[in-house]
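Below: the structure, in structure tokens.
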Amino acid sequence: MSQTLEAGIPSAQDGGDRYKWSALFNTTLGVLLVSINESILIIALPDIFRGIKLDPLIPGNSFYLLWILLGFMLVTAVLVVTLGRIGDIYGRVRMYNLGFAVFTVFSILLSVNWLQGTAAGIFIVVMRIGQGVGGSFLFANSSAIITDAFPENQRGLALGINNVAGIAGMFIGLVVGGLLAPVDWRLVFIVSAPCGIVGTAWAYLKLHDNGVRSPARIDWWGNVLFAVGLTLVLVGITYGIEPYGTSAMGWSSPRVIGELAGGLGLLVAFAVVENKVSSPMFRLQLFRIRAFLAGNVASLLAAIGRGGLMFTFVMWLQGIWLPLHGVSFAVTPLWAGIYMLPMTGGFLVAGPISGVLSDRYGARPFATAGMVVAALTFIGFVFLPINFPYAPFAILMTVNGLAMGLFASPNRAGIMNSLPPDQRGAGAGMSGVFQNAAMVLSMGIFFTLMISGIASVLPKTLYRGLLAQHVPVATAAAVSHLPPITSLFASLLGYNPMAKLLGPSVLSHLPAHSAHVLGGRSFFPTLLATPFSHGLTLAFTFGAAACALAAVASVLRGQKYVHTVAAPLGVDGALVRAADLTPGTRRNWATPEEPSHPGAVRAGSGRRGPSGHRGPERPFDLNPGRPTGSS
């Protein structure tokens with residue numbers, strides 16, 4: 001009999017092959033629905049705002065634009081650690097099932113919005129936050145449920161399928177939103193409801209807890225400090241991309257500075273509290289596990305690059321490339337999503353394959369290679385002309401998708417394999433924080449870089465172009481000095497930027513030819529092309545640097561290993577059989593008198609027990625793990 005068992009509950013034996021695949025497909029459905037809902041509104045926003053009769057470009061309405069778009073992502077970033085830890089305490093499947101139900105209820109409520117104007121905007125914001133709470137339950141516990149259900153030699157494949165579905169959902173959401181919103185804006189919310197109902201019923205009927213629970217009191221101070229601190233940081237980043245005073249961005253705003261400083265201060269206080277309480281929300285000592293720390297740092301940097309790439313492509317395609325190729329501004333959101341599909345295809349191909357290979361050879365070679373190739377694709381995008389031929393653009397996107405898929409699956413499996421069984425929920429939640437918060441962070445970084453490249457050139461270029469079309473000097477000066485992000489948001493929302501900024505009152509008094517040129521598809525994209533290329537160079541250079549650093553972090557993760565806990569000794573010194581253990585119960589195998597710990601022991605190491613069996617040698621050693629296979 002093996003001398004080391006993972007928490008004493010070999011999941012494949014408990015539920016059989018049928019259960020583990022049921023767990024994988026259900027959790028993958030849940031994660032896919034959540035990730036689709038993170039991006040589905042990016043393309044659907046124009047139709048939503050037209051449907052509720054709210055103009056998001058009026059300065060007072062920018063709140064609705066930002067919070068309808070980002071509220072869901074912010075909530076999923078903030079709550080995943082808390083809900084993952086609650087899953088560790090009360091049962092991961094129980095919390096996951098509850099999350100599926102909450103997500104489905106708020107999806108249904110979003111689809112029956114009968115309000116208009118600001119009231120409709122507030123209703124959508126509140127309901128999206130509620131939907132995000134349900135999504136947080138799903139994100140926080142899905143990886144832990146899969147890790148509990150699959151043996152270590154199949155986790156790379158299982159987590160790869162789950163993780164790639166989550167990432168691909170971000171791009172699928174763009175297309176789904178573009179297809180459904182023009183028919184009826186409510187369809188972008190209704191589409192989640194039937195899938196949610198099926199998934200919820202399926203989860204309650206088929207899933208059961210077979211992981212290790214760690215009964216503990218809820219760490220209220222830690223939860224509050226972490227949630228409020230991270231919320232302030234992400235809100236500060238969100239408002240940092242808005243103009244402030246005469247500045248093109250809001251980073252000098254006292255409000256933004258206060259939110260960022262206050263949020264960081266509360267996160268420092270969170271770290272202090274977590275090191276002092278007996279049952280912390282998250283054991284910071286887990287970061288002493290090299291594979292966990294390196295994997296999460298690599299995940300953060302990769303997610304920043306991936307998220308920034310998505311926003312950059314959307315602006316590039318909608319604001320310049322598609323209008324220059326004859327596509328009406330009104331339908332550019334849909335076609336932007338369609339033209340980005342090669343990247344999704346790359347994810348779907350590489351993710352499962354790299355997951356299978358990482359089960360055998362470890363995460364490091366595949367995750368590192370993926371980030372190196374991704375960095376090279378960012379450099380390749382720098383050399384594309386602003387009005388590129390589609391073939392090389394599609395090839396680079398496909399290679400980037402393959403590279404990100406090559407990285408994502410092994411990296412996720414490496415992180416989850418490094419965690420102690422009773423900390424998988426909280427550990428998966430913290431990993432989710434790195435990935436979800438990176439989406440908001442990437443938007444702040446890439447928008448800032450883009451605006452920095454545009455702001456120094458666009459005002460003069462736009463002013464001269466407007467004067468050439470006989471726009472009055474005062475009007476040309478006023479429009480050219482509007483914050484550049486106003487024009488970018490206009491194109492992002494499917495509006496003709498010049499028609500929107502000048503308005504019918506100005507266009508109606510211009511010569512017919514000038515009005516036709518200004519209202520056409522090529523005037524604004526042509527003016528924006530040169531300033532935008534400066535911003536693209538900055539953004540893609542940063543993306544390449546982020547992926548290169550992610551490759552370095554991946555190299556530093558060390559050899560492949562899986563967290564193992566030595567089997568406990570019975571009263572007569574004999575090994576306790578797995579069949580004698582009750583699924584869903586907490587088992588302390590460190591020592592009879594000491595609490596369980598976030599550590600690992602090497603297979604075959606430790607002192608011998610009364611019957612000659614080996615037991616744990618250093619119960620609080622956090623980093624050893626069980627090296628297996630190659631690096």
Side-chain angles (χ1 to χ4, degrees), residues 35 38-39 42 69-70 72-74 76-78 80 139 163-164 166-171 230 233-238 240-241 249 251 260 263-264 267 293-316 340 343 346-347 367-368 370-382 396-397 400-401 403-408 411-412 415 430-453 535-557:
S35 61
E38 283 188 338
S39 62
I42 295 176
L69 183 62
L70 297 176
F72 184 93
M73 287 190 284
L74 190 147
T76 56
V78 168
V80 284
F139 258 143
N163 198 43
V164 168
I167 295 173
M170 296 291 293
F171 296 94
L230 186 59
V233 170
L234 296 180
V235 169
I237 293 172
T238 300
I241 67 174
M249 306 292 285
W251 299 112
L260 293 174
L264 292 173
L267 291 177
L293 174 61
N296 277 303
V297 171
S299 179
L300 173 70
L301 293 166
I304 288 174
R306 182 175 62 249
L309 194 67
M310 184 176 71
F311 283 110
T312 302
F313 282 168
V314 168
M315 289 188 292
W316 192 357
M340 290 169 63
M343 185 179 295
F347 276 120
T368 304
M371 284 297 95
V372 170
V373 174
L376 294 176
T377 61
F378 274 95
I379 296 173
F381 284 120
V382 171
L396 280 173
M397 278 200 300
N400 184 273
M404 290 294 184
L406 186 64
F407 164 82
N411 189 68
R412 188 67 168 174
I415 289 172
M430 183 59 74
S431 181
V433 167
F434 279 87
Q435 186 166 308
N436 295 342
M439 289 299 296
V440 180
L441 183 60
S442 69
M443 191 187 69
I445 293 173
F446 275 75
F447 263 116
T448 299
L449 293 173
M450 293 296 298
I451 297 302
S452 299
L536 282 179
T537 300
L538 292 175
F540 286 141
T541 301
F542 176 83
C547 289
L549 291 175
V552 173
S554 181
V555 168
L556 296 176
R557 75 176 68 240

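Please read all numbers here as calculations on a predicted model, not as lab measurements.
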Next item on the list: Before giving the answer on side-chain contact (heavy atoms from CB on, under 4.5 Å), spell out for Trp251 and Leu260 the whole-Å C-alpha distance, their side-chain angles and the decisive distance to 0.1 Å.
Entry: CA-CA 10 Å; Trp251 299 112; Leu260 293 174; 4.1 Å; yes

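- Between the CZ atom in Phe446 and the CD1 atom in Ile241 there is a gap of 13.5 Å [rounded to 0.5 Å].
- Classification of the Phe540-Trp316 ring pair by plane angle, with boundaries at 30° and 60°, yields tilted.
- The side chain to side chain contact (heavy atoms under 4.5 Å, CB included) test with Leu449 singles out one residue from Leu538, Thr541, Thr537, Leu536, and that residue is Leu538.
- Between Ala550 and Ala302 the shortest heavy-atom distance is CB-N, 4.2 Å.
- The CE atom of Met371 sits 11.5 Å away from atom CG of Leu549, with the distance rounded to the nearest 0.5 Å.
- Scanning both residues, Ala403 and Ala374, for their nearest heavy atoms gives CB-N, 3.6 Å.
- With hydrogens and angles disregarded, a donor-acceptor distance shorter than 3.5 Å links the side chain of Thr448 to the backbone of Gly444.
- Minimum heavy-atom separation, Met450 to Thr312: SD-CG2, 4.4 Å.
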Next item on the list: Would you sort out whether Val433 and Leu230 count as a side-chain contact (heavy atoms from CB on, under 4.5 Å), showing the intermediate values?
Entry: CA-CA 9 Å; Val433 167; Leu230 186 59; 4.0 Å; yes

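- Shown here for Phe139 and Val80, the closest heavy-atom pair between the two residues is CB-CG1, 3.9 Å.
- Note that CE of Met170 and CE of Met73 are 6.0 Å apart. Values are rounded to the nearest 0.5 Å.
- Here the closest non-hydrogen pair linking Cys547 and Met404 is SG-CE, 4.1 Å.
- Interatomic distance, CG of Leu74 versus CG of Leu234, reported as 5.0 Å (0.5 Å rounding).
- Taking CE of Met340 as the start and CG of Leu309 as the end, the distance is 7.0 Å to the nearest 0.5 Å.
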Margin query: For Arg412 and Ser431: C-alpha separation, side-chain torsions, deciding distance, then whether side chain to side chain donor-acceptor pair (under 3.5 Å) applies.
Written below: CA-CA 9 Å; Arg412 188 67 168 174; Ser431 181; 2.6 Å; yes

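- Atom OG of residue Ser554 and atom CZ of residue Arg557 lie 3.5 Å apart, to the nearest 0.5 angstrom.
- Taking every heavy atom of both residues into account, Ser39 and Gly169 meet most closely at OG-O, 3.6 Å.
- When side chains are defined from C-beta on, Phe407 does not count as touching Val373, because their heavy atoms never get closer than 4.5 Å.
- Checking side-chain atoms of Ser299 against main-chain N and O of Gly295 turns up no donor-acceptor pair under 3.5 Å.
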